[in-house]
Protein chains: 2
Amino acid sequence: MQATLSALAEPNRLQIVELLRRKPRGVGEIVDRLGLRQPQVSKHLRVLSDAGLVEVHPVAQQRIYSLRAQPLKELDAWLEPYRRTWDDRFDRLDGVLRDLKGKDKDKDKDKDKDKDKRDGHGT
Amino acid sequence: MQATLSALAEPNRLQIVELLRRKPRGVGEIVDRLGLRQPQVSKHLRVLSDAGLVEVHPVAQQRIYSLRAQPLKELDAWLEPYRRTWDDRFDRLDGVLRDLKGKDKDKDKDKDKDKDKRDGHGT
DNA sequence: CAGGAATATGCCTGTCAAGGCATATTCTGG
DNA sequence: CCAGAATATGCCTTGACAGGCATATTCCTG
């Protein structure tokens, strides 16, 4: 996840990924389309490859790079819990604010703290 | 999109976001939970804020930060075209490879290549 | 108004990553 | 084996950025 995000955070890399979304392509074609230098594209592809975002298939002296679905699926899965809150959770801010304003000394115990304890974030 | 990805690419920032997914929190609480130094947390929150990922609500001297849905929704939307290809498109690699092997001077039949003259970096 | 809590900012430093460039590497055909 | 195409690597330089720390700022309370 972290790896996926880091890899996609680079603009050129993101473009490469978007380019590969259509179909697999050789390095030269990517160089051509994005107007980048060949070595740099190779390096970006390396990073993407290390992140598992692309895979390569040699054809003669060419290397055809194609997208791998898994990392993006994981990103999709990561978004899942957020999707769930988009509807009702976000506007509970008011409640929290009100709660904070009406706080007193007894809150030192943090009664709502232990309920946060059980999270289970997997990334 | 780019901004969102860059912001989330930083591990601590990602953790902050995941922390805020549960509910809005003040800076101090984040500092406490993640074991980071306060100034650094403030800086990360600043970045997240600039990226539109969080918003702040002052309550006395406290600043309550909460998640904003939009950027994540956009990320979700960005994934949409990929979701579509996860089923059938990715294994068309064989076809492309076969195609490349059997071609001599026949370039790709894509026609959107004339607009790749752009040098800028785009979004 | 003073004191103090909660945050934000400024400055400095070390690290790391991206671009540029030359060159190595791999593969094909003759 | 040689030449050449397609791609990868190594080295160097520079800029962005995260962390550390001191300090400024804001706001509440007595």
Side-chain angles (χ1 to χ4, degrees), chain A residues 2-3 5-17 19-20 24-51 54-66 96-97 100-105 107-108 110, chain B residues 2-3 5-17 20 24-51 54-66 96-97 100-105 107-108 119-122:
Chain A
Q2 193 63 62
L5 288 172
S6 301
L8 295 179
E10 217 284 331
N12 292 321
R13 235 132 52 197
L14 184 60
Q15 276 196 271
I16 290 178
V17 166
L19 209 48
L20 292 182
R25 299 176 197 270
V27 178
E29 190 177 350
I30 299 176
V31 168
D32 222 44
R33 301 220 173 215
L34 299 189
L36 304 175
R37 315 258 173 169
Q38 178 266 315
Q40 212 54 34
V41 169
S42 280
K43 286 172 188 173
H44 281 314
L45 285 168
R46 177 92 144 113
V47 174
L48 289 173
S49 179
D50 286 348
V54 303
E55 58 186 1
V56 56
H57 290 261
V59 172
Q61 320 93 315
Q62 266 192 67
R63 306 281 173 113
I64 308 300
Y65 284 86
S66 51
V96 175
L97 290 181
L100 281 167
K101 274 182 163 149
K103 71 165 178 192
D104 49 296
K105 268 332 188 177
K107 276 206 47 178
D108 268 55
D110 264 359
Chain B
Q2 194 63 63
L5 289 172
S6 302
L8 295 179
E10 216 283 331
N12 291 322
R13 236 130 53 197
L14 185 60
Q15 276 196 272
I16 291 178
V17 166
L20 292 182
R25 299 176 197 269
V27 179
E29 190 178 350
I30 300 176
V31 167
D32 221 43
R33 299 216 175 221
L34 299 189
L36 303 175
R37 314 259 172 169
Q38 178 267 315
Q40 211 54 33
V41 169
S42 279
K43 286 172 188 173
H44 282 314
L45 285 169
R46 177 91 144 116
V47 174
L48 290 173
S49 178
D50 287 347
V54 302
E55 59 186 3
V56 56
H57 291 260
V59 173
Q61 322 92 316
Q62 267 191 69
R63 307 282 172 113
I64 308 300
Y65 284 86
S66 51
V96 175
L97 291 181
L100 281 167
K101 272 180 164 153
K103 70 121 181 239
D104 41 291
K105 218 47 187 117
K107 278 304 196 161
D108 54 305
D119 183 352
H121 27 270

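Chain letters run A, B, ... following the sequence lines, proteins first, then strands; residues in each count from 1.
Applying the side-chain contact (heavy atoms from CB on, under 4.5 Å) rule to B:I30 yields the partners B:I16, B:L19, B:L20, B:R25, B:L34, B:V41, B:L45; only residues at least two apart in sequence or on another chain are considered. Remark: B:R37 engages no residue in a salt bridge (Lys or Arg N to Asp or Glu O under 4.0 Å) (not counting sequence neighbours). Every residue meeting the side-chain hydrogen bond (donor to acceptor under 3.5 Å, both in side chains) condition with A:Q38, not counting sequence neighbours, appears here in chain and number order: A:S42. Applying the side-chain contact (heavy atoms from CB on, under 4.5 Å) test to B:N12 and every residue at least two apart in sequence or in another chain returns B:E10, B:Q15, B:L36, B:H44.
Contact annotation: A:Y65 side-chain N/O to D:dA8 OP1/OP2 distance is under 4.0 Å. Between D:dA8 and A:R46, no contact under 4.0 Å exists linking OP1 or OP2 to a side-chain N or O.
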List the protein contact pattern of nucleotides 13-21 of chain D with one symbol per nucleotide (5' to 3'): B for base contact, S for sugar-phosphate-only contact, - for none; contact means a heavy-atom distance under 4.0 Å. -----SBBB
When you check every protein heavy atom under 4.0 Å of nucleotides 24-30 of chain C, what one-letter string (B, S, -) results, 5' to 3'? ---BS--
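The closest donor-acceptor contact from the side chain of B:R13 to the backbone of B:A7 lies under 3.5 Å. Although no hydrogens or angles enter the test, the distance criterion places a donor-acceptor pair under 3.5 Å between the side chain of A:Q2 and the main chain of B:A9.
Residue B:E29 contributes atom CD, which lies 12 Å from atom P of C:dA6 at whole-angstrom precision. In this structure, B:I16 atom CD1 and C:dT7 atom P are separated by 13 Å, rounded to whole Å. With rounding to whole Å, A:R25 atom CZ is found 18 Å from D:dT7 atom C1'.
Counting heavy atoms from C-beta outward, A:V47 and A:K43 have side chains that stay 4.5 Å or more apart.
Put simply, the side chain of B:Q38 and the base of C:dA6 share no donor and acceptor less than 3.5 Å apart. Interface remark: the B:Q62 side chain does not form any donor-acceptor pair with the C:dA5 base, using a distance-only criterion of under 3.5 Å.
Taken from OH in B:Y65 to CD in B:E29, the straight-line distance is 14.0 Å, to the nearest 0.5 Å.
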